[in-house]
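Keep in mind that the numbers below use all heavy atoms, side chains included, and drop hydrogens, waters and symmetry copies. Heads up: numbering here begins at 1 and tracks the sequence. Counting convention: from 1, in listed order, for ligands and their atoms alike.
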Amino acid sequence: MEKLQNEVRGLAQGKAEITEDDLGNMQYLKAVIKETLRLHPPVPLLVPRETTEDIKLLGYHIAAKTQVLINAWAIGRDPLSWDDPEEYRPERFLNSDIDFKGLNFELIPFGAGRRGCPGSVFAIVVNELALANLVNKFNFALPQGIKPEDLDMTEGSGLTVRRKSPLLAVATPCSSYADH
Ligand code: HEM
């Protein structure tokens with residue numbers, strides 16, 4: 001959080017509102033969002049596919065018209081692709097070309113190919129803007145008496161997935177914005 005705030009506040013230079021033009025240089029912010037989508041893809045099984053013809057893949061015979069689910073959640077935590085996969089470490093994306101545009105199959109929170117998410121660019125900009133503005137203007141802390149290790153990071157279940165229990169955080173306006 002501190003590292004993210006330092007980057008955002010350093011580049012925002014006291015601006016009351018961060019706009020799209022400011023996002024370009026916020027590399028750590030982009031890495032935070034990638035790392036979050038790697039560990040917690042909101043659509044963990046993507047959208048089901050159906051094979052159009054018989055196919056042999058890695059020794060498996062998959063008949064035509066079989067429904068196939070792609071487990072993006074497991075792919076994002078595959079130790080063959082990721083060092084310390086269970087660890088939340090945005091730094092892994094700094095100086096890395098891995099992106100979620102559907103070309104790096106180890107990171108596919110928006111799917112890939114012709115039926116990949118058409119809203120991904122919009123979704124990312126909205127998320128970047130929201131997160132950058134929140135950490136620019138507010139400091140965040142856990143409610144009194146709650147330690148980071150007490151946080152329940154369990155996910156709910158369903159076609160789209162969110163936290164099972166809401167995150168309780170105390171937001172305090174950063175002193176330079178307290179009057180805005
Ligand atoms: C963080 C936000 C979002 C995530 C993680 C997400 C993820 C996904 C995923 C995984 C798929 C299935 C892709 C596949 O199976 O290959 C999908 C499809 C789709 N998404 Fe998104 N999405 C997000 C935001 C949006 C937004 C903002 C829009 C619209 C403005 C949108 C519109 C669609 C549509 C229309 C499809 C169906 C595409 C098709 O079947 O051809 N999504 N999305």
**Request:** For Pro42, counting its heavy atoms only, list the atoms of ligand 1 lying under 4.0 Å from any of them.
**Result:** 5 (C)
**Request:** If you have a sec, work out which protein heavy atom is nearest atom 18 (C) of ligand 1 and how many Å separate them, to one decimal?
**Result:** Cys117 CA, 3.8 Å
**Request:** Please write down residue, atom name and distance for the protein heavy atom closest to atom 12 (C) of ligand 1.
**Result:** Val47 CG2, 3.4 Å
**Message:** Among all protein heavy atoms in this structure, tell me which lies nearest to atom 29 (C) of ligand 1, with the distance rounded to 0.1 Å.
**Reply:** Gly119 CA, 4.0 Å
**Asked** Please walk me through it: do Tyr88 and Trp82 pass ring pair (Phe, Tyr, Trp, His ring centres under 6.0 Å)?
**Response** CA-CA 11 Å; Tyr88 184 84; Trp82 305 100; over 10 Å; no
**Message:** Quick test of your reading of the structure: of Phe110, Phe122, Phe100, whose heavy atom lies closest to atom 4 (C) of ligand 1?
**Reply:** Phe110
**Asked** Minimum heavy-atom separation for Ala123 to Phe110, with atom names?
**Response** CB-CE2, 4.2 Å
**Message:** I want to confirm something. Looking only at heavy atoms, which of Pro118, Ala123, Ala72 is nearest to atom 33 (C) of ligand 1?
**Reply:** Pro118
**Request:** Using salt bridge (charged side-chain N to carboxylate O under 4.0 Å, His left out) as the criterion, point out the one residue from Glu35, Glu87, Glu106 that pairs with Arg92.
**Result:** Glu35
**Request:** Enumerate the atoms of ligand 1 whose separation from the nearest heavy atom of Leu46 is less than 4.0 angstrom.
**Result:** 10 (C), 15 (O)
**Message:** Within the 4.0 Å heavy-atom shell around Gly116, which atoms of ligand 1 are there?
**Reply:** 13 (C), 16 (O)
**Asked** Judging by distance only, is a nitrogen or oxygen of Arg49 under 3.5 angstrom from one on ligand 1?
**Response** yes
**Asked** Between Lys34 (side chain) and Phe93 (backbone), is there a donor-acceptor pair under 3.5 Å?
**Response** no
**Item:** Within reach of ligand 1, part of Ala112 (heavy-atom separation under 4.0 Å)
**Value:** backbone
**Request:** Pull out every atom of ligand 1 sitting under 4.0 Å from any heavy atom of Pro109, numbered as shown with elements.
**Result:** 5 (C), 7 (C), 10 (C)
**Message:** To check your reading of the model: name the closest protein heavy atom to atom 13 (C) of ligand 1, its residue, and the distance in Å.
**Reply:** Arg115 O, 3.4 Å
**Asked** Going by the order shown, which atoms of ligand 1 are within less than 4.0 Å of some heavy atom of Gly111?
**Response** 10 (C), 13 (C), 14 (C), 16 (O)
